[in-house]
Structure formats: C-alpha cells, structure tokens
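Report on the structure given below.
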Amino acid sequence: MSTLVVVGSQWGDEGKGKVTDYLAQEADVVVRSQGGNNAGHTITFGGEKFALRSIPSGIFNPKIKNVMANGMVINPKQMLEELRGLEARGIKDYQLFVSNRAHIVLPYHEMLDGAYEAFKGDKKIGTTKRGIGPAYEDKASRIGIRIADLVDPELFKATLSQTLTIKNMELKMLGLPELDFDTVYNEYVEYGKQIKKFVTDTSLLLEEEIEKGSKILFEGAQGVMLCIDHGTYPYVTSSSPTGASVPLNAGIAPRYINNVLGICKAYTTRVGEGPFPTELDGDLAHYIRERGHEYGTVTKRPRRVGYLDCVALNYARRVSGINYLALMLFDVLSGLDEIKICYAYELDGKKINTVPATLSELERVKPLYVTMKGWKEDITNVKSFDELPLNAQLYLRKIEELTKTEIVLFSVGPDRLQTIKLKDIF
Ligand code: GDP
Ligand code: IMO
Ligand code: MG
C-alpha cells in the first residue's frame with residue numbers, strides 16, 4: 001500500500017491537477033475528498049487541455065478508480081455536465097465512485113452565496129459563487145441533503161421539503177425569489193437517477209483498496225492558506241484542504257497517510273479578496289501574470305501575483321504535515337534580473353516567522369526578502385536538474401533551505417511531459 005496526499009500549499013491554483021495527473025500514471029485510485037466545483041484543475045497532455053471541476057484527475061485512465069469522497073459538496077447538475085463534457089471529448093471509459101455521504105449543492109446555495117457576497121459589499125470574500133459556503137453551512141446545521149438522499153426519491157422528497165421550507169424563508173428575507181418545491185424536486189430527482197450508478201460507500205471501497213495494497217492518490221482542492229481553520233479567515237473557503245483533513249473527509253484511518261506533497265508555485269498567486277503580504281503590482285506583476293496565464297480557471301478573474309512567501313509556506317508545511325514539495329510554474333520566472341523570496345515578516349518592528357491570526361496584523365506585516373539572481377534562459381525544455389541554469393538551481397535550493405523541505409519534483413510548463421521528477425515518493 002502506498003498513499004500520497006497532494007495538497008495546495010498556497011492560496012490554490014498551484015498546479016495540483018497537473019501533479020495529480022502526472023502521478024496518477026502510477027496510481028490505482030485517485031480521491032477528491034473536499035471542496036466541490038469551486039476547484040478548477042487544469043490538465044494538459046497529448047495536445048489537449050482539460051479543466052476539471054469536481055471530477056478527480058485520474059478520470060483519463062480507465063484503470064484508475066476515481067473517488068468523490070464524503071467530505072465533498074457535489075453539485076449534481078454540474079457534475080453530470082462535466083461528465084458529459086468529458087464524454088464528448090472521448091473520455092468514455094472511466095471508473096467513478098461517489099460517496100453516499102457527500103452533501104449536495106442545490107440552486108438555493110448558489111443564490112445565497114451571491115446574496116451574502118452582495119451584502120458584504122467591499123468586505124466580500126470574492127467567492128467562486130458556486131454555493132460551496134452555504135452547502136457546508138447546511139451540513140453543519142444538519143439540514144444538508146446527501147447523495148444517499150438524492151438517489152432515493154422518497155428520502156429526497158422528505159429532506160428537500162424540510163430544508164426548502166427553511167431556505168425559502170432565508171431567500172425571502174434577503175429579497176430573493178423563493179424556489180418552487182416541485183420544480184427543484186423534479187429536476188434534481190432526475191439527476192439522482194443518473195448519478196445512482198456511481199454511488200457507493202467509498203470509505204469501504206478505500207479500505208478494500210488499502211488491504212489490497214493499492215496505490216492511492218488524494219487530490220486536494222484549494223490550498224492551505226484558504227483552509228477554514230488555518231487560512232486567512234474569513235477570506236477562506238469552507239472546508240479544510242490540509243493533509244490532516246483527508247482521513248476524516250475520505251473515511252480512512254490517519255495511519256494510512258504515508259506522505260503529503262505540498263504543491264507550490266515558484267511565486268505566489270491568490271484569486272479573491274484577503275491578505276497577501278508579498279503581493280506585487282506594476283510591471284513585474286504584469287510580467288508574471290501574462291507569462292503564467294494567471295487568470296482563474298473557474299471564474300476567469302485575473303489572479304493577484306506576488307513573490308514566493310516562505311513564511312506562509314512554512315506555516316502550510318506545519319499545519320498540513322507537508323513533508324515534500326513540488327515546485328510549479330518555474331519557467332514563468334525566466335527573464336528576470338533578480339527574484340525575491342520572503343523569508344520572514346516584520347510586525348510592529350519585530351521579526352516573526354509565522355502567519356499571525358488576525359487580519360489587522362496580517363495587514364501590518366512587512367515581508368523581509370532575500371534577493372536571488374535571475375536567469376535569462378528559457379527552461380521549458382529542461383529534462384533534469386543539471387540542465388537548469390545555475391541561478392535557477394540556486395533558487396530551488398534556497399526554497400528547500402528556507403522551508404527545510406525537499407523538492408521532489410519541478411515543473412517547467414503545463415504539459416504532462418514538462419515535469420521533472422527528482423525523487424520517487426509514491
Ligand atoms: P490547480 O487548481 O492547483 O490544479 O491549478 P490550476 O489548474 O487552477 O492552475 C495552474 C495553471 O498553471 C494551469 O493553467 C496549468 O496548466 C498551469 N501550469 C501548471 N504547471 C505549470 C508549469 O510548470 N508552467 C506553466 N507555465 N504553467 C503550468
Ligand atoms: P483550486 O482547487 C483558488 C477561493 C475563492 C475565494 C475563496 C472562497 O482550483 O486550487 P469559495 O467559492 O470556496 O467559497 O471561495 O476561496 N477559492 C479558490 N482559489 N483555487 C481554488 O481551487 C479555489 N477555491 C476557492 O476565490 O477567495
Ligand atoms: Mg485551480
């Protein structure tokens with residue numbers, strides 16, 4: 001048995017999809033365990049580009065069992081559209097298993113997500129408006145509807161009728177149109193029928209795979225700095241994307257997690273509002289944004305761009321149990337005279353090495369930087385560490401030194417082939 005958790009170690013969009021797809025070539029099972037279609041995971045191979053939202057990134061390989069586990073919030077309509085989209089592009093031979101305990105996202109969740117954001121005005125989170133927060137809210141309030149309910153017409157009728165009564169009161173209070181029970185029921189009961197064939201107890205499935213000695217890859221969504229518990233609250237998502245959350249969200253024992261691979265860009269990006277200590281603006285931000293095509297996969301928003309922040313990275317390493325790193329989008333930094341890396345923050349005249357808890361402190365921190373020499377060479381065709389220009393090698397080694405974590409893989413372009421493995425950990 002071998003397990004590996006792929007975790008976003010920044011604010012999401014680090015290249016988790018690419019790494020999962022790359023490592024999935026050796027996997028038996030790929031599991032998504034939290035989040036929903038707020039995620040957008042881009043995968044490029046054989047001249048084709050795919051953007052997955054809620055379907056695990058092992059879907060392209062017919063031998064892989066793809067699991068959508070209990071910790072996810074699944075939008076049935078979107079999930080079926082995503083599958084149809086894949087099928088239309090020739091991905092027809094796949095194995096998919098959906099947890100009967102995962103919660104579902106319904107139209108009122110998306111409406112409420114939008115309404116809360118509008119209400120917050122300039123304090124808005126900048127959510128993806130996919131209803132993810134309100135769906136997790138219902139789960140915690142114990143009025144959520146689960147996949148097991150959806151696929152049973154009678155159970156669905158009972159749970160939806162109770163929940164919709166409450167949700168319609170909320171919608172009305174917020175000045176939004178109330179939803180008609182029959183309309184929602186009739187549409188979604190149909191989706192339930194289509195999803196039913198995928199539904200199972202995925203915790204049991206994973207236990208069987210573990211006993212068989214399978215190789216299991218857990219594909220994180222979002223990133224540790226967006227974690228509901230450890231992120232820059234309240235500018236976070238509504239689940240925990242950490243390695244620690246995987247056993248809970250997938251229904252397996254913590255002792256089965258062998259390694260946690262933190263995926264990190266060679267710089268930092270963030271989409272949505274909230275603190276970002278190393279954020280850049282002006283020409284340098286523009287240079288990185290355009291070279292890295294830093295526009296959101298889900299919402300197409302331009303991503304905010306900054307220098308690599310090793311304080312945040314070390315924080316993510318600690319709270320998520322990251323023991324290896326993958327360095328992504330390395331090619332984007334070619335052409336710069338110098339590149340800075342943040343190694344500590346200064347807060348009210350004192351040097352600190354961790355991420356403070358409050359927004360007001362985070363707004364006051366000043367990043368302290370080491371300045372590294374840049375390199376001019378195009379590195380998109382590099383096949384080994386030794387082929388990297390010396391200054392790129394030194395940049396990579398500096399990150400290892402500052403995070404005390406080994407980089408086991410680096411990436412020099414979006415394609416599956418533009419991946420250089422330095423050490424086998426799966
Ligand atoms: P995820 O959400 O963590 O899976 O990441 P996204 O797919 O949202 O964003 C990462 C973006 O970077 C995608 O457009 C990828 O195709 C692209 N990408 C991944 N690795 C590299 C790389 O090494 N170099 C370049 N130039 N692009 C990359
Ligand atoms: P992947 O898996 C980047 C951000 C949103 C917003 C905050 C809350 O592709 O890395 P939500 O809709 O979850 O309530 O939004 O979290 N966010 C992401 N940012 N990548 C993601 O996923 C994200 N999922 C959510 O932009 O700031
Ligand atoms: Mg993404």
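Everything numeric in this text was worked out from a predicted model, so none of it was measured. Each ligand, and each atom within it, is numbered from 1 in the order the structure gives. The figures here come from the full heavy-atom set of this structure, side chains too, leaving out hydrogens, waters and symmetry mates.
Within Asp13, the N, O or S atom at minimum distance from the Mg ion (ligand 3) carries the name OD1.
Taking the six-membered ring where the residue is Trp, the centroids of Phe97 and Phe198 are separated by 6.0 Å or more. Taking the six-membered ring where the residue is Trp, the centroids of Tyr188 and Tyr191 are separated by under 6.0 Å. Aromatic ring centres of Phe45 and Phe50: separated by under 6.0 Å. The aromatic ring centres of Tyr235 and Trp11 sit 6.0 Å or more apart.
Using modelled atom types, one side-chain atom of Thr358 and one backbone atom of Glu361 make a donor-acceptor pair closer than 3.5 Å. At distances below 3.5 Å, not a single donor-acceptor pair connects side-chain atoms of Lys16 with backbone N or O atoms of Ala221. Thr278 contributes a side-chain N or O that, together with a main-chain N or O of Tyr307, makes up a donor-acceptor pair within less than 3.5 Å.
Protein residues with a heavy atom under 4.0 Å from ligand 1 are Asp13, Glu14, Gly15, Lys16, Gly17, Lys18, Gly40, His41, Thr42, Thr297, Arg303, Met328, Leu329, Asp331, Val332, Ser411, Val412, Gly413, Pro414. Protein neighbours of ligand 2 below 4.0 Å, counting non-hydrogen atoms: Trp11, Gly12, Asp13, Lys16, Asn38, Ala39, Gly40, His41, Ile125, Gly126, Thr127, Thr128, Ala221, Gln222, Leu226, Val236, Thr237, Val271, Gly272, Arg301.
The Mg ion (ligand 3) lies under 2.8 Å from an N, O or S atom belonging to Gly40.
Other residues, nucleotides and ligands contribute more than 12 heavy atoms inside 6.0 Å of the NZ atom of Lys421. Other residues, nucleotides and ligands contribute only 12 or fewer heavy atoms inside 6.0 Å of the NZ atom of Lys129.
For the pair Arg364 and Tyr345, the NZ or CZ position fails the cation-pi test of under 6.0 Å to the six-membered ring centre and within 45 degrees of the ring normal.
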